[in-house]
Amino acid sequence: KEVFEENILNKPIEEMAVEIGLPRGQVEKLKKLQIETVEHLTRMKREDLLTGNYKLSKKYVDKIEDFLISHNLRYKE
């Protein structure tokens, strides 16, 4: 179990994007925020992804959140 959780944190966001149907444009916005892996997502606040120059659409922030929760992870509080 431990190893699996570690692997999910190292998963590139491109792989996650394929799994959850995240469009290329949304992935590019994540990269502009220096987000390359699932672990980087867990260091972001939900609000940070919904505001600013590279904000993502709420629909996809929700999809990412569902993905994180399915792996017992979450956005930073």
Side-chain angles (χ1 to χ4, degrees):
K1 179 83 181 145
E2 200 71 24
V3 174
F4 173 72
E5 291 303 333
E6 200 174 294
N7 288 345
I8 193 71
L9 289 173
N10 293 328
K11 185 189 274 276
I13 56 166
E14 292 88 350
E15 286 181 27
M16 176 200 72
V18 170
E19 263 183 60
I20 66 173
L22 200 63
R24 187 86 213 130
Q26 300 287 301
V27 174
E28 291 305 319
K29 288 179 181 181
L30 288 172
K31 287 185 170 268
K32 288 190 169 120
L33 293 167
Q34 266 79 55
I35 297 170
E36 299 284 339
T37 65
V38 171
E39 182 177 5
H40 295 156
L41 281 167
T42 65
R43 296 181 191 161
M44 296 297 290
K45 292 183 177 165
R46 180 185 168 83
E47 298 75 47
D48 295 340
L49 296 176
L50 291 168
T51 57
N53 292 339
Y54 304 119
K55 65 180 176 215
L56 278 73
S57 104
K58 182 180 180 307
K59 170 182 165 184
Y60 294 116
V61 172
D62 291 345
K63 273 193 167 199
I64 294 169
E65 186 166 37
D66 290 342
F67 173 85
L68 290 173
I69 289 168
S70 76
H71 294 286
N72 296 317
L73 300 168
R74 56 181 25 109
Y75 291 127
K76 197 167 109 184
E77 291 300 313

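To the nearest 0.5 Å, atom CD1 of residue I35 and atom CG of residue D48 are 8.5 Å apart. Separation of atoms CG (L56) and CG (L50) is listed at 8.0 Å; rounding is to 0.5 Å. Atom CD1 of I8 sits about 10.5 Å away from atom CG of N72, to the nearest 0.5 Å. T42 OG1 to L73 CG: the interatomic distance, rounded to the nearest 0.5 Å, is 6.5 Å.
Legend: residues meeting salt bridge (charged side-chain N to carboxylate O under 4.0 Å, His left out) with R43, ordered by chain and number and at least two apart, are E39. For E47, the side chain to side chain contact (heavy atoms under 4.5 Å, CB included) partners at least two apart in sequence or on another chain are K45. Looking at residues two or more places apart in sequence or on another chain, you find a side chain to side chain contact (heavy atoms under 4.5 Å, CB included) between I20 and M16, L22, K63, I64, F67. Residues satisfying the salt bridge (charged side-chain N to carboxylate O under 4.0 Å, His left out) test with D62, not counting sequence neighbours, are R46, K58.
Applying the side-chain hydrogen bond (donor to acceptor under 3.5 Å, both in side chains) test to every pair with at least one member in residues 16-32, sequence neighbours left out, gives these pairs: K11-E19, E14-K31, R24-E28, K31-E36. Residue pairs meeting the ring-ring contact (aromatic ring centres under 6.0 Å, His included) criterion with at least one member in residues 24-65, sequence neighbours excluded, do not occur.
Panel note: side chain Y75, backbone V61; a donor-acceptor pair is recorded below 3.5 Å.
Side-chain contact check for V38 versus L68: some heavy-atom pair is nearer than 4.5 Å.
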Practice item. Please test E65 against I69 for side-chain contact (heavy atoms from CB on, under 4.5 Å), starting from the C-alpha separation and ending with a verdict. Key: CA-CA 6 Å; E65 186 166 37; I69 289 168; 3.8 Å; yes
